[in-house]
Participant: 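Attaching a single structure in structure tokens format; questions to follow.
Letters A, B, ... are given to chains in the order of the sequence lines, protein chains preceding strands, and every chain is numbered from 1. Values in this document were obtained by computation on a predicted structure and should not be read as measured data.
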There are 2 protein chains.
Amino acid sequence: MKIFNQIKLDKESSSQHLYIQLYKALKDMILEGTLKKGDRLPPIRKLSDFLEVNNVTVVSAYRILEEEGLVYKRIGSGTYVAADSYEKESIKNYSQELMEDDYNQAPMIDQGHIQLEEDMINFASATPSPNLFPVDDFKKVLNEVLDRDKGLAFGYQESQGYYPLRVALKEYISIYDIHTEENNIQIISGAQQGIDIIAKGMLNYGDYVLIESPSYTGAMAVFQSRGAKIIDIPLEDDGLNLESLEKKIITYQPKFLYIMPNFQNPTGISYSLQKKSKIIKIAEKYNLLIVEDDYLSDLNFYADDNKTLKSLDKNDLVIYIKSFSKIFMPGLRLGFLVVPKALSEEVLMAKHATDISTSGLLQRALQLYLQKGIWKQHIRYMEEQYRERFEIMTKCIVEFMPENVEYTLPKGGVNFWLKLPDGLSSKELYEIAVKENIVFAPGNLFFLNNKNTSYFRLSMAAVDNKEIEYGIKKLSSLINNLLKPKNKGYIQPNQYTPIL
Amino acid sequence: MKIFNQIKLDKESSSQHLYIQLYKALKDMILEGTLKKGDRLPPIRKLSDFLEVNNVTVVSAYRILEEEGLVYKRIGSGTYVAADSYEKESIKNYSQELMEDDYNQAPMIDQGHIQLEEDMINFASATPSPNLFPVDDFKKVLNEVLDRDKGLAFGYQESQGYYPLRVALKEYISIYDIHTEENNIQIISGAQQGIDIIAKGMLNYGDYVLIESPSYTGAMAVFQSRGAKIIDIPLEDDGLNLESLEKKIITYQPKFLYIMPNFQNPTGISYSLQKKSKIIKIAEKYNLLIVEDDYLSDLNFYADDNKTLKSLDKNDLVIYIKSFSKIFMPGLRLGFLVVPKALSEEVLMAKHATDISTSGLLQRALQLYLQKGIWKQHIRYMEEQYRERFEIMTKCIVEFMPENVEYTLPKGGVNFWLKLPDGLSSKELYEIAVKENIVFAPGNLFFLNNKNTSYFRLSMAAVDNKEIEYGIKKLSSLINNLLKPKNKGYIQPNQYTPIL
């Protein structure tokens, strides 16, 4: 730590934030060569203790260094100096801007966007950590596409999507018993865009939409943005409450029902096959459209059945959204829809008005990746990785969580849904946990009107085995602390809301 | 042509379209090796004459082969066999699907999406032909990014955009006298998405929006989709009619004004500096927000001034949209916004709800591309290419267009806006021109309610010098034919609409 003695921070300065000062000091050390490529930076807490500053100051400084490519993180290991001399040359001129700059981000936690900091144990993210991505294989296909297609790979792609990719996807989903035509497949820039263009194509101001309660925040945001009225239906252990569903269809005549029947987000619930069939029958009876968000059915460990609703849909009433973000690479921004024939034109128009088309280069690369069969290897690899985590996560929750924390263990997917004892708020637990460098998703994010609840979601996608054990133990002890009478001081009764 | 004798088409078949039959026959010839890598396929018309089928049949067959990567086009030269043996192996299994498939696309011309066929002279597209793209340079930066960032390049990127890219863009626009902070820059997946998320962030059902008349179709589609009411304001040779603008601001209290002050689309008009300044003053007077779509100000040849409104905006009333599609590569789907501070949160939320984030890989590659300064070389190259076309285009229009065709020559950009003699419809000219393998954009696309007009837009972005001369001559003779009394039969009076 001695070399860090040279860092002088002006703690009285009102003109320059401490983290900007620290960022600049560290950057100077890198550019001067005091810190060399491959050197490990001190852990957050160690440096903050040493400099007598807040954790967040160090976290923010490290983040800017990382964004500039000067340092990089290794999950579970720390932060390392990355820049070589070439890069050093080229980034010197960033300093000027940052001097006057705040580099704040809008606080987005209430929209389901949780701010992550270095070294945090991340139970909040449902997407895999970057070290699981098949980077080398994908680099190969990218280069093959560039050599083969040249400029064509950078032209506008058809709005519906690159034809050979649609053909390949048609084959891919036939394994999951979904049989369709290339013409019914619409390429999208990720599942969120899928929800957005379906809403654009179908929802007018004042229309009703049915959702599960709880549901995915990003979908609610889209429906609200269209001026639609959202009606939620309680989830049971085997899926939607059907009586409530039918009643609400009759009352509201909704444009569609938005659901995730396999390893639901956030609850992890799997709909029973019986319930899936009944929902299809109800849809037929009322001519109800269903938007099925299949973000993760591939990751089945113990469910007897992970059939999609689309595979049961004989009357073309299901719009199927498939995301690759959770099992492949989120940053590709690629996914697809299977669209009922009657809606294909509306959806295509909506896609065109949204962003003309999805990147042709990435579509072509994914097509080649699928064609070469590397996809299957990758899915198997992800399954192995996740299965181990899934079992450790299950074991730790069962073993360490206080007895009065309730949960139903999922049979697949990456999400675990837990409930604090009545009277405790998961938002409060969140705030305490963040100070211990643990993040998760408080339950209020997943309910209409952002209600404060005792529920919370733990995801295993971005944590390794060690982090799982440490994190669950830590969370359990934080919950136990909250439950102790002497700590009742934390709890202000007006922060609670009745729990659904 | 002899080898094409082996193609047998069943013209009586009702179960299989002719173009599918032809596609399969040609594909077999490629797979069998009768047609080899590098062989040129016959020109459309030659093969259609030879086989006694419609041009469109051949065009459609060639398109499917191209989409499968079996053949590729060289602009102005023809269609060549592309597949090597590896690819042949892998694509065999497409045939099955195509047998039962129609491969139709939704007819999108009325939404501004014009169907292009092989060998057509394309005055419709305002985006450069793929042979102008800096593919090799971009491939290099892509690979550098992958080696440097590995999995990080495929993770979710911050919704606002990759920080170093925002820094680079901030510098880039300072050349154009726009001075802002990284925090006010929002990365978008192309200008169309920019319009979409601005609308999402700002427009509610029933709000008013002002636009130029004529204007960009894709923007109108977005505003309409939000349930907004669009009010159009006539364009004069030096920009908007200011009297009408002020009157409509007072009457409708619009949420914003959407304009393209430099080389406007579709008219090519450049606003005078005086008019730009007056518009800024009007905006200040009424606290009016302006959405400035800068799709092409970079391409100035003869305008005294190509200042953006944003550079004149002292009160943070202009939302600036910058597209790279027209001067760089449309298929990247990258652009950015400069957002007034007061709106930054709304815009960021809207981006998040739209697609979470833009591809991090492509953002990182663009950042490196900008950083290395290759960008400047590329812009210079594009300028040279376009300047030559611009001059040939100008010369040909002046020389060959019939006297009673009206136009104001643009001073930059890629679009030329012309008006047929009263009583002639550009949609009708379009239909005749397509048969001669020439496409352009009929004027009705750019007016509210898709009104049929005598205006039309010719773009020079995707045509080479030869095509320009041949195309303008041909169009001129088609117009002359339409004007001849004996051809009056084409014109049905009820197809005309009063021209604005």
Side-chain angles (χ1 to χ4, degrees), chain A residues 67-69 90 94 97 101-103 106 108 111 113 127 130-131 133 135 139 142 146 148 150-157 159-160 163-164 167 170 181-183 189-190 192-193 196 200 204-205 218 221-222 225 227 329-333 345 348-349 352-356 359-362 371, chain B residues 67-69 72 90 94 97 101-102 105-106 108 111 113 127 130-131 133 135 139 142 146 148 150-157 159 163-164 167 170 181-183 189-190 192-193 196 200 204-205 218 221-222 225 227 329-333 345 348-349 352-356 359-362 371:
Chain A
E67 287 249 325
E68 288 191 2
S90 59
Y94 288 156
E97 286 80 30
D101 178 40
D102 249 339
Y103 194 50
M108 292 182 74
Q111 281 68 32
H113 196 127
T127 44
N131 58 349
F133 299 156
V135 178
K139 183 178 162 192
L142 264 178
L146 287 170
R148 185 190 70 191
K150 307 210 168 55
L152 280 179
F154 292 106
Y156 279 120
Q157 202 65 50
S159 293
Q160 196 177 350
Y163 181 74
V167 173
K170 175 190 142 162
E181 300 301 323
E182 305 85 83
N183 273 348
S189 305
Q192 182 70 33
Q193 181 180 75
D196 187 49
K200 225 177 246 160
N204 294 312
Y205 181 81
V222 168
S225 161
M329 301 195 283
L332 277 191
R333 311 310 303 128
E345 194 157 335
L348 184 56
M349 296 298 169
H352 190 251
T354 295
D355 67 354
I356 313 284
S359 159
L361 173 65
L362 298 179
Q371 178 185 292
Chain B
E67 288 247 324
E68 288 192 3
Y72 62 93
S90 59
Y94 288 157
E97 285 83 29
D101 178 40
D102 247 339
Q105 289 190 291
M108 292 181 74
Q111 280 69 31
H113 196 126
T127 44
N131 59 348
F133 300 157
V135 178
K139 183 179 163 191
L142 264 176
L146 287 169
R148 184 190 72 192
K150 307 212 166 54
L152 281 179
F154 293 105
Y156 278 121
Q157 202 65 50
S159 293
Y163 181 73
V167 173
K170 176 191 142 159
E181 300 300 324
E182 305 84 83
N183 273 350
S189 306
Q192 182 71 32
Q193 183 180 75
D196 188 48
K200 226 178 245 160
N204 293 312
Y205 181 81
V222 168
S225 161
M329 301 196 285
L332 278 189
R333 311 310 302 131
E345 195 156 334
L348 185 56
M349 296 299 170
H352 191 250
T354 296
D355 67 353
I356 313 284
S359 160
L361 173 64
L362 298 179
Q371 178 185 292

Participant: So how far is it from Gln193(A) CD to Asp196(B) CG, rounded to the nearest 0.5 Å?
Facilitator: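 Gln193(A) atom CD to Asp196(B) atom CG measures 9.0 Å (nearest 0.5 Å).
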Participant: Side chain to side chain donor-acceptor pair (under 3.5 Å) with Thr354(A): which residues, sequence neighbours excluded?
Facilitator: Lys200(A)
Participant: Which residues pass the ring-ring contact (aromatic ring centres under 6.0 Å, His included) test with Phe154(B), sequence neighbours left out?
Facilitator: Phe138(A)
Participant: Given a strict heavy-atom distance threshold of 4.5 Å, which part of Ser359(B) is in contact with chain A: side chain, backbone, both, or neither?
Facilitator: both
Participant: Which pair of heavy atoms, one from Gly151(A) and one from Phe133(B), lies closest together, and at what distance?
Facilitator: O-CD1, 3.3 Å
Participant: How long is the straight-line distance from NZ of Lys139(B) back to CG of Leu142(A), given to the nearest 0.5 Å?
Facilitator: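 Separation between the atoms: 10.5 Å.
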Participant: How close do Ile356(A) and Arg333(B) get, heavy atom to heavy atom, and via which atoms?
Facilitator: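 That would be CG1-NH2, 3.5 Å.
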Participant: What are the two closest heavy atoms between Ser189(A) and Asp355(B), and how far apart are they?
Facilitator: O-CB, 3.9 Å
Participant: With chain B, which of Ser225(A), Ala221(A), Gly360(A), Gly227(A) has the greatest number of heavy-atom pairs at distances under 4.5 Å?
Facilitator: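 Greatest number of close heavy-atom pairs with chain B: Ser225(A).
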